Student: 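Sending over a structure as structure tokens; questions will come in a sec.
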Amino acid sequence: MFLSFRDEVESCLKNALKAAGIEADAELEESDHADLASSVSFKLASKLKKSPKEIAGEIAKHIRISDYKFIADATVSGPYINFFVNRSFLNDTIEAISEKKCDYGQLGYSDRIILEHTSTNPNGPLHVGHIRNSIIGDTLSRVLRKAGYDVETQYYVNDMGRQIAMVVFGLERYDLLEKKSDHAVAEVYISANRAIEKDHGLKAEVDGFMQKYEAGDKKIKEKFMGAVDLCLSGIRSTLERMNIKHDRFVWESDFVWSGTVRDIIGIVEQSRYSEIQGGALVLDLNEFGFEKEYVVKRSDGTSLYSTRDLAYHKMKAKDCDRVIDIFGADHKLISSQLVKVLEILGVKTPEIVIFEFVSLPEGSMSTRKGKFITTDELLDEVERAAYEEVDKRRSDLTEDIKRDIARSVGVGAIRYDIVRVSAEKSTTFDWKNALDFEKQGAPFIQYAHARCCSILRKSDDEPGFNPDLLIEKSEVDLIKKMSKFPLVIEIVSKDLKAHLIATYARELTELFNQFYRDAPVLSVEDELKKARLCLVDCTRIVICEALELMGIEAPEIM
RNA sequence: GCCCCGGUAGGGUAGUGGACUAUCCUUUGGGCUUGCGGAGCCUAGGACCCGGGUUCAAAUCCCGGCCGGGGCACCA
């Protein structure tokens, strides 16, 4: 709804500028002083040799709001031109949400997107650093789907790396412990690393595994795939606990078996940037500001991670309109090289979201050293803490219901806490913070939703309402906020900034809580009660949808 | 050494050129409640790393420092 208002204001301002004989873009901004504001007059001041105030006044003289459906007023405040929404904008917003319900916020886009996220090496469980990738990726995929895109999420399985060869090596020598498969694999991997540190002679055995695997040795292939499957099943179940599911798992090795790696090497050989260095095929990216060459084929003829990554991205580019990758800060350089190479080869380049690292108070995490906090551990602890809270407040509920609520609250708390921080900020994990539910996070939003549900449950009034009655400031502010839900989806779809959804959900909840305090619903006279019930229902819908975009459940009681 | 990303109240965090009061949580102080479920609301206190510059206007852009994180393999 807000998008229509914005379009109207844009056209209105454009026409006014034209009528005033001024050439300028009709730029708009959000403002505390208006629903939309323009500060074009500043930019025109030096050109027109007049004060911004004068110019604003002149433009305003040519504004014709009567041609538009949603503009109530356009006023001049010093150099600013302020636009305000009218009553039918508010009424239409309420009606749109009531009618569309869960579809409110759909933008009707239809392009196909492949979004890759998580893609951690299958040599151990997800740790608390990895899930920043998963949570940002999953949130973005949900937002993009909401916007209408046809999204396929992919997990790129790195099964050809040294780490996996180490796992295979470890599985030959050590027994798997009786624990969740990904955790057991990590134990074996850590032991293998220790053994090789002690006796470097064992390294040759690992190298041998890698060479045989790339050559397609049947027995080794079985071992590699078995080890990867084992670990991956554990990772998948952890992701599932957080409401995250991938549509497709793409194995790195498939690009070798299928011959696409060979094809890409052939294409690179044709490039004018390629050369042979010491028997290896490389691309010289010097003129693009990269010091190091991009190696595509080793002197022994085998491929590298970077080669297979090219093949993978070529496939993705062919299969969709937008390719999106979520990578950790350690991939900054390599991914910008990848983009450059794809450009050179004439392949559509991916949009890359980089997130900075999550570290522990004592330093960064490492699977190899066994220095990490697993996501399963975090989920267990947070859910336990959530259960205590629920039990304290709602001893009247059955055990099953309390467990269910605790799970929703626990997962929500974790997901929200991670997604709310913008990706370029590095953070430090600490237990005290993670288990603190007093903070304004997901439970704050979920609770507001439960309140909406509670009010609606207590009333048996028929729909049918007069939205003109919703005139209190807290009511109007709440409606305006809800009108911006599609705008947020539009911005996030374009800029890929997942944290904006978290900010929006929090602000919406704050406004609902103010309404809740200022405007009684069930105790007022009939017509007003109906109107407010409808507003509560709309709020319920939008909060629920906003939570859904973050993969957080919205319990009806808690 | 070079490259990339950050630096906002005691702690955490939003805002990345525009309006005299820079957001939200936490912490500290005061108030509201047996409610339409207080996991809430109101209120007071407290911050843009430092130094230059660009601009009518800088937390936001540019240059130089300082601090923190990441990266610079025929590893993945």
Side-chain angles (χ1 to χ4, degrees), chain A residues 29 31-34 37-39 41-43 45-46 51-52 77-80 82 121 123 158 160-165 210 252 277-282 289-293 295-309 328-334 336 354-359 363-364 389-390 392-394 409 417 420-428 430 433 436-448 450-459 499-500 502-503 506-507 509-510 512-514 516-524 529 532-533 536 557-558:
Chain A
E29 57 210 51
S31 163
D32 293 336
H33 307 267
S38 172
S39 55
S41 59
F42 282 112
K43 279 156 196 140
S46 65
S51 77
S77 171
Y80 296 92
N82 291 329
N121 287 324
N123 60 341
N158 303 125
M160 298 204 83
R162 168 157 236 103
Q163 301 94 325
I164 307 311
M210 286 176 75
E252 190 186 358
Q277 270 185 19
L281 175 67
V282 307
F290 295 103
E291 285 178 32
K292 299 280 174 6
E293 292 74 26
V295 183
V296 180
K297 189 170 73 173
R298 290 196 186 89
S299 45
D300 67 4
T302 58
S303 64
L304 293 87
Y305 173 85
S306 47
T307 324
R308 294 163 227 135
D309 211 17
D330 53 339
H331 280 65
K332 264 186 246 177
L333 178 63
I334 189 73
S336 60
I354 298 282
F355 65 93
E356 295 293 325
F357 272 28
V358 180
S359 54
S364 53
E389 289 295 322
V390 176
K392 202 158 59 188
R393 293 163 212 272
R394 299 299 302 266
V409 170
D417 200 51
R420 61 179 248 274
V421 180
S422 66
E424 55 268 19
K425 208 125 189 165
S426 44
T427 59
T428 306
D430 99 271
N433 197 359
D436 186 0
F437 289 100
E438 297 305 310
K439 290 186 134 194
Q440 193 171 359
F444 169 80
I445 300 163
Q446 289 169 314
Y447 187 71
R451 264 180 168 170
C452 290
C453 293
S454 170
I455 293 174
L456 293 166
R457 222 179 295 128
K458 288 212 166 114
S459 149
H499 74 277
L500 297 179
T503 307
R506 191 205 73 217
E507 287 171 352
T509 301
E510 278 170 2
F512 171 73
N513 283 335
Q514 279 161 31
Y516 179 85
R517 179 193 48 129
D518 292 345
V521 178
L522 297 178
S523 59
V524 295
K529 178 159 103 176
R532 286 188 175 160
L533 276 169
V536 171
I557 54 168
M558 61 184 280

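In the text below, chain A, chain B and the rest are named by the order of the sequence lines, each starting its count at 1. It should be emphasised that the depicted structure is a prediction, and the values quoted were computed from it without experimental measurement.
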Student: Considering only side-chain heavy atoms of A:L333, which listed nucleotide, B:U23, B:G40, B:C72, is closest?
Tutor: B:C72
Student: Any side-chain to backbone donor/acceptor pair from A:T428 onto A:S359? Under 3.5 Å, distance only.
Tutor: no
Student: Give a yes/no answer on whether the side chain of A:T503 brings an N or O atom under 4.0 Å of OP1 or OP2 in B:G15.
Tutor: no
Student: Which part of the nucleic acid, if any, lies within reach of A:Q277 when heavy atoms closer than 4.0 Å are counted: base, sugar-phosphate only, or nothing?
Tutor: base
Student: Can a cation-pi geometry be assigned to A:R506 and A:F444, taking NZ or CZ under 6.0 Å from the six-membered ring centre and within 45° of the ring axis?
Tutor: no
Student: Quantified in whole Å, what is the C1' atom distance between nucleotide B:A44 and nucleotide B:U27?
Tutor: 14 Å
Student: B:C41 phosphate, OP1 or OP2: any side-chain N/O from A:N513 under 4.0 angstrom?
Tutor: yes
Student: Can you tell me how far C1' of B:G69 sits from NE2 of A:H331, to the nearest Å?
Tutor: 17 Å
Student: When rounded to the nearest Å, what value does the distance between P atoms of B:C50 and B:U8 take?
Tutor: 11 Å
Student: Looking across every strand, which nucleic acid part, if any, lies under 4.0 Å from A:K332 by heavy atom: base, sugar-phosphate, or nothing?
Tutor: base
Student: Please determine whether a side-chain nitrogen or oxygen atom of A:K425 lies at a distance below 4.0 Å from atom OP1 or OP2 of B:G7.
Tutor: yes
Student: Side-chain donor-acceptor pair under 3.5 Å between A:S39 and A:E29, yes or no?
Tutor: yes
Student: Counting distance only, does the side-chain N/O of A:S336 pair as donor-acceptor with the main-chain N or O of A:L333 below 3.5 Å?
Tutor: yes
Student: Could you work out the separation of B:U26 and B:G69 based on their P atoms and round it to a whole Å?
Tutor: 29 Å
Student: If each of A:A37 and A:E291 is mapped to the nucleotide of RNA chain B with the nearest heavy atom, which maps nearer the 5' terminus, i.e. the 5' end?
Tutor: A:E291
Student: When you look at A:E389 and A:R394, which way does the salt bridge (charged side-chain N to carboxylate O under 4.0 Å, His left out) test go after all the steps?
Tutor: CA-CA 8 Å; A:E389 289 295 322; A:R394 299 299 302 266; over 6 Å; no
Student: When the C1' atoms of B:G52 and B:C75 are compared, how many Å lie between them, rounded to an integer?
Tutor: 44 Å
Student: Would you please say whether a donor-acceptor pair under 3.5 Å links the side chains of A:N158 and A:R308?
Tutor: no
Student: Under 4.0 Å: is that the gap between some side-chain N or O of A:R298 and OP1 or OP2 of B:A76?
Tutor: yes
Student: Using a cut-off of strictly less than 4.0 Å, decide whether A:Q514 has a side-chain nitrogen or oxygen near OP1 or OP2 of B:C42.
Tutor: yes
Student: With a cut-off of less than 4.0 Å, is there a side-chain N or O of A:H33 near OP1 or OP2 of B:C20?
Tutor: no
Student: Measure CD1/A:I445 against C1'/B:A39 and give the value in whole Å, please.
Tutor: 12 Å
Student: For A:D300 and A:T302, indicate whether the former's side chain and the latter's backbone hold a donor-acceptor pair under 3.5 Å.
Tutor: yes
Student: With both distances under 3.5 angstrom, what nucleotide forms a Watson-Crick or G-U wobble pair with B:C48?
Tutor: none
Student: List the atom of A:P52, the atom of A:P79, and the distance in Å for their closest heavy-atom pair.
Tutor: CB-CB, 3.7 Å
Student: What does B:G17 pair with, Watson-Crick or G-U, if both distances are under 3.5 Å?
Tutor: none
Student: Nearest whole Å is fine: how far is B:A39 P from A:D417 CG?
Tutor: 20 Å
Student: Watson-Crick or G-U wobble partner for B:G68, using a 3.5 Å limit on both distances?
Tutor: B:C5
Student: May I ask you to decide if A:P520's main-chain N or O and A:R532's side chain share a donor-acceptor pair within less than 3.5 Å?
Tutor: yes
Student: Less than 3.5 Å between a donor and an acceptor, one on the side chain of A:S306 and one on the base of B:A76, is that the case here?
Tutor: no
Student: Nucleotide by nucleotide, 5' to 3', does protein get under 4.0 Å of the base (B), only the sugar-phosphate (S), or neither (-) in nucleotides 31-37 of chain B, counting heavy atoms?
Tutor: -----BB
Student: For A:V390 and A:S46, find the nucleotide of RNA chain B closest to each by heavy atoms; which residue's nucleotide sits nearer the 5' end?
Tutor: A:V390
Student: Roughly how far apart, to the nearest Å, are B:U21 and B:A59 at atom P?
Tutor: 14 Å
Student: Whole Å only: how far is the CZ atom of A:F357 from the C1' atom of B:G71?
Tutor: 10 Å
Student: In whole Å, I'd like the distance from the CZ atom of A:F290 to the P atom of B:G71.
Tutor: 17 Å
Student: Report yes or no: is there a donor-acceptor pair, N or O only, under 3.5 Å between the side chain of A:N82 and the base of B:A19?
Tutor: yes
Student: A:E507 near the nucleic acid: base, sugar-phosphate alone, or nothing, with a heavy-atom cut-off under 4.0 Å?
Tutor: nothing
Student: A:K392 has an atom NZ; how far is it from atom C1' of B:G38, in whole Å?
Tutor: 14 Å
Student: Does B:G40 have a Watson-Crick or wobble mate here (both distances under 3.5 Å), and if so which one?
Tutor: B:C32
Student: At 4.0 Å (heavy atoms only), tell me whether A:A448 reaches a base, stays on the sugar-phosphate, or touches nothing.
Tutor: nothing
Student: Would you indicate what A:I334 reaches in the nucleic acid, counting non-hydrogen atoms under 4.0 angstrom: base, sugar-phosphate, or nothing?
Tutor: base
Student: Is there a side-chain contact between A:S422 and the phosphate of B:A14, meaning an N or O under 4.0 Å from OP1 or OP2?
Tutor: yes
Student: Have a look at A:G278 and say if it touches a base, only the backbone sugar-phosphate, or nothing, with a 4.0 Å heavy-atom cut-off.
Tutor: base
Student: Between A:L522 and A:K529, what is the shortest heavy-atom contact and its length?
Tutor: O-CD, 3.5 Å
Student: Starting at CD of A:E510 and ending at C1' of B:A14, how long is that distance when rounded to a whole Å?
Tutor: 11 Å
Student: Suppose you measure atom P in B:G10 against the same atom in B:C5; what distance do you get, rounded to whole Å?
Tutor: 28 Å
Student: So does A:K292 get a side-chain nitrogen or oxygen closer than 4.0 Å to the phosphate oxygens (OP1/OP2) of B:A73?
Tutor: yes
Student: How is A:A45 classified with respect to the nucleic acid when contacts are heavy atoms under 4.0 Å: base, sugar-phosphate, or nothing?
Tutor: nothing
Student: Could you check which of B:U23, B:C74, B:G6 has an atom nearest any side-chain atom of A:E424?
Tutor: B:G6
Student: Work out how far the C1' atom of B:A47 is from that of B:G7, and round it to whole angstrom.
Tutor: 12 Å
Student: Look through every strand shown and name the nucleotide pairing with B:A59 as Watson-Crick or G-U wobble, where both distances are under 3.5 Å.
Tutor: none
Student: Grab the two heavy atoms, one from A:L533 and one from A:S459, that are nearest each other, plus how far apart they are.
Tutor: CD1-OG, 3.1 Å
Student: B:U54 and B:C62: how far apart are their P atoms, nearest whole angstrom?
Tutor: 15 Å
Student: For A:S77, answer base if it contacts any base atom (sugar-phosphate contacts may also be present), sugar-phosphate if it contacts only those atoms, and nothing otherwise; contact means non-hydrogen atoms under 4.0 Å.
Tutor: base
Student: I need the NE2-C1' distance between A:H499 and B:G12, as an integer number of Å.
Tutor: 15 Å
